[in-house]
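Written below as structure tokens is the structure these notes are about.
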Amino acid sequence: MLDINFIREHADRARAGMEKKNQDPKIVDKFLRADEDWRAKTTIFDQLKAEQNALSKELSAGQSEDLLSKAQLLKKRLADLEAAQADLKAKRDDALSRIPNIPFDDVPVGKDESGNKVVREVGKKPEFDFAPKDYLTLGENLGLINVKKAAEVSGSRFGYLLRDAAMLEFALVQLAFDTLTAKGFVPAVPPVMIKPKVYEGMGRLAADQKDERYYLEKDEMYLVGSSEHTMGPLHMNEVLEESSLPRRYVAFSTCFRKEAGSYGKDTKGILRVHQFDKVEMFSFANPKHSEEEHRFLLSCQEEMMQKLELPYRVVEICTGDMGWTDARQFDVETWLPGQGTYRETNSCSNTTDFQSRGVNIKYKATDAATGEQKKEFIHMLNATGFAIGRMLIAIIENYQTKEGAIRVPKVLQGYLHKEAIGK
RNA sequence: GGAGGGGUGGCAGAGUGGUCUAACGCGCCGCACUUGAAAUGCGGUAUGCCGCAAGGCAUCGUGAGUUCGAAUCUCACCCCCUCCGCCA
């Protein structure tokens with residue numbers, strides 16, 4: 001969530017941010033109104049409460065009928081006031097939860113993905129002396145992917161990864177963990193279920209994405225859409241030492257997504273499924289250096305793409321297309337020759353203090369001039385390591401042979417103990 | 001899932017209805033003493049909110065309740081520990 005004081009003082013900037021993100025800026029005014037009403041009620045409530053406290057003290061010294069009836073009257077007034085106050089606060093907080101993070105000023109402004117800016121293209125697109133096939137045809141032919149059986153067993157948007165596809169998953173996970181732990185990332189396997197209150201704090205139950213979540217009603221738990229969601233709260237309610245920053249993690253988890261609102265989109269295959277595995281990078285950073293940290297995470301993504309020798313491009317996501325919690329977002333899109341297009345395979349976001357405020361993670365900042373110590377909200381960043389399903393798609397399509405086999409990327413051959421996947 | 005014990009400031013830990021405005025201790029910060037340090041002494045050391053300020057309000061795991069008044073009593077939930085059962 002945004003800082004309440006920031007919205008009070010810079011309502012115009014909050015409105016502008018919402019407009020850029022295709023949200024209704026009137027929400028800000030709704031917030032301001034509820035906030036003002038709440039503050040007025042709070043002032044009266046606090047005064048009355050002070051009266052009550054004084055009265056209680058008097059009563060503790062000596063009771064009298066007069067004082068007691070006065071206190072009883074006060075109690076009733078306070079109860080009414082408290083209800084009204086709680087109501088207003090709920091209204092205010094509801095409005096607050098409908099305000100996304102504000103994009104940095106230099107983020108390209110745009111309505112939708114057509115406004116995204118290609119930053120660079122890297123790698124050579126493979127050339128084939130035959131018509132390249134799509135991954136699903138290849139994968140089904142080789143017995144690597146089975147979505148038909150998965151549909152019978154679990155429904156649409158599920159898939160079985162079989163044989164070397166399953167082996168490739170572990171090879172990719174291993175490659176990512178090897179690469180990133182060598183850089184000091186702490187390896188992690190986080191929970192995939194999360195309490196509603198914590199999830200809210202992470203800004204991932206906001207209006208625009210609540211329908212995207214699986215909820216276990218009986219247990220009041222959500223299934224996470226990414227390990228980001230439970231890695232962020234790893235340091236919930238903590239104050240981290242400035243010298244310990246940045247704190248970087250590489251996590252592996254299954255991800256669950258309803259894919260509501262994407263009916264009819266990418267319905268075939270395993271590109272868009274309800275369940276997939278993903279390696280994720282997460283960083284708790286000093287706000288002074290979070291932009292730098294963001295570029296670093298992006299460079300890690302690119303390094304791993306280059307290790308796989310996959311052609312990709314880096315795209316800076318425009319305001320209208322970027323995530324709810326993000327102040328800046330880059331995507332890595334990988335070339336898919338079977339489809340003749342780039343598709344998003346990685347994402348990399350700086351959420352600044354939008355999430356850390358929600359899960360209460362601070363760091364001890366030392367003022368360089370005065371030496372004074374202050375606790376401030378930390379910046380939190382997340383980035384895809386490998387989204388396994390989509391990387392399999394990219395590998396299958398880019399490494400296909402005329403005979404319908406798949407060459408194994410050099411860097412994975414050691415993990416897979418083979419150079420090609422055939423029948 | 002069952003039985004029992006517990007959750008209090010950075011840590012440790014007292015407090016079982018009204019000077020709790022949360023003891024004592026440790027740690028931390030400042031000052032004094034000291035050549036310096038240690039030791040000692042004195043003072044200060046949670047967070048959030050309302051307010052221009054003075055000041056006020058809230059918070060003893062969370063939420064609700066009883067009461068004029070709750071860390072303290074009641075209920076529900078969460079978490080931790082011990083034991084039993086079940087389980088990869």
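So you know, we letter chains A, B, ... as the sequences are listed, proteins then strands, and number each from 1. The model shown is predicted, which means the values in this text are computed figures rather than measured ones.
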Nucleotide-resolved protein contact map, nucleotides 58-72 of chain B, B/S/- at heavy-atom distance under 4.0 Å = S--------BBS---
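Here K195(A) lies in heavy-atom contact (under 4.0 Å) with sugar-phosphate atoms only. In this structure, R357(A) reaches neither bases nor backbone, as no heavy-atom distance under 4.0 Å exists between it and the strands shown. Residue contacts for K89(A): at a heavy-atom cut-off of 4.0 Å it reaches no nucleic acid atom on any strand shown.
D277(A) and S253(A) are not linked by any side-chain donor-acceptor pair at a separation below 3.5 angstrom, with hydrogens and angles left out of the test.
Although no hydrogens or angles enter the test, the distance criterion places a donor-acceptor pair under 3.5 Å between the side chain of R357(A) and the main chain of M1(A). Using modelled atom types, no side-chain atom of R343(A) and backbone atom of L336(A) make a donor-acceptor pair closer than 3.5 Å.
Taking the six-membered ring for Trp and the full ring otherwise, F284(A) and H235(A) have centroids separated by under 6.0 Å. Two rings, from Y199(A) and Y222(A), have their centers less than 6.0 Å apart.
N237(A) places its CG atom 14 Å from the C1' atom of C78(B), with the value rounded to the nearest Å. Put simply, NZ on K375(A) is 7 Å from P on G10(B), counting in whole angstrom units. Summarising the geometry, the separation between NZ on K218(A) and P on C77(B) is reported as 15 Å, rounded to the nearest angstrom. Atom CD in Q47(A) sits about 10 Å away from atom C1' in G51(B), given to the nearest Å. Regarding E241(A), its CD atom lies at a distance of 13 Å from the P atom of C28(B), rounded to whole Å. The CG atom of D35(A) sits 14 Å away from the C1' atom of G51(B) (whole-angstrom rounding). Atom-to-atom, OH of Y199(A) to P of C78(B) comes out at 21 Å; the value is rounded to the nearest Å. With rounding to whole Å, R39(A) atom CZ is found 13 Å from C52(B) atom C1'.
Because its NZ or CZ atom is not both nearer than 6.0 Å to the ring centre of F31(A) and within 45° of the ring axis, R98(A) does not count as a cation-pi partner of that residue.
Partner assigned to C28(B) is G44(B), using Watson-Crick or G-U wobble distances below 3.5 angstrom. The nucleotide U82(B) finds its pairing partner in A3(B), both defining distances of the Watson-Crick or G-U wobble pair being shorter than 3.5 Å. C73(B) is paired with G65(B) under the criterion used here, namely a Watson-Crick or G-U wobble arrangement in which both key atom distances are under 3.5 Å.
Distance check on atom C1': G17(B) versus A71(B) gives 11 Å, rounded to whole Å. Remark: the separation of the C1' atoms in G25(B) and U62(B) is 30 Å, to the nearest Å. Using atom P as the reference point in both G30(B) and C79(B), the two lie 42 Å apart (nearest Å). G27(B) and G85(B) are spaced 44 Å apart, taking the C1' atom of each and rounding to whole Å. With P as the reference atom, G51(B) and A37(B) are 46 Å apart, rounded to whole Å. Rounded to the nearest Å, the gap between the C1' atom of G5(B) and that of C57(B) is 35 Å. Going from the P atom of C20(B) to that of C68(B) covers 23 Å, rounded to whole Å.
The side-chain contact (heavy atoms from CB on, under 4.5 Å) test with P409(A) singles out one residue from L172(A), L416(A), N398(A), L308(A), and that residue is L308(A).
Nearer to the 5' terminus of RNA chain B, by closest-nucleotide assignment, is the contact made by R92(A) (compared with the other of R92(A) and A54(A)).
Ion pairing of K133(A) with E397(A) is absent here, as no side-chain N (NZ or NE/NH1/NH2) approaches a carboxylate O to less than 4.0 Å.
Set against G48(B), C49(B), C57(B), the side chain of K362(A) has G48(B) as its closest nucleotide.
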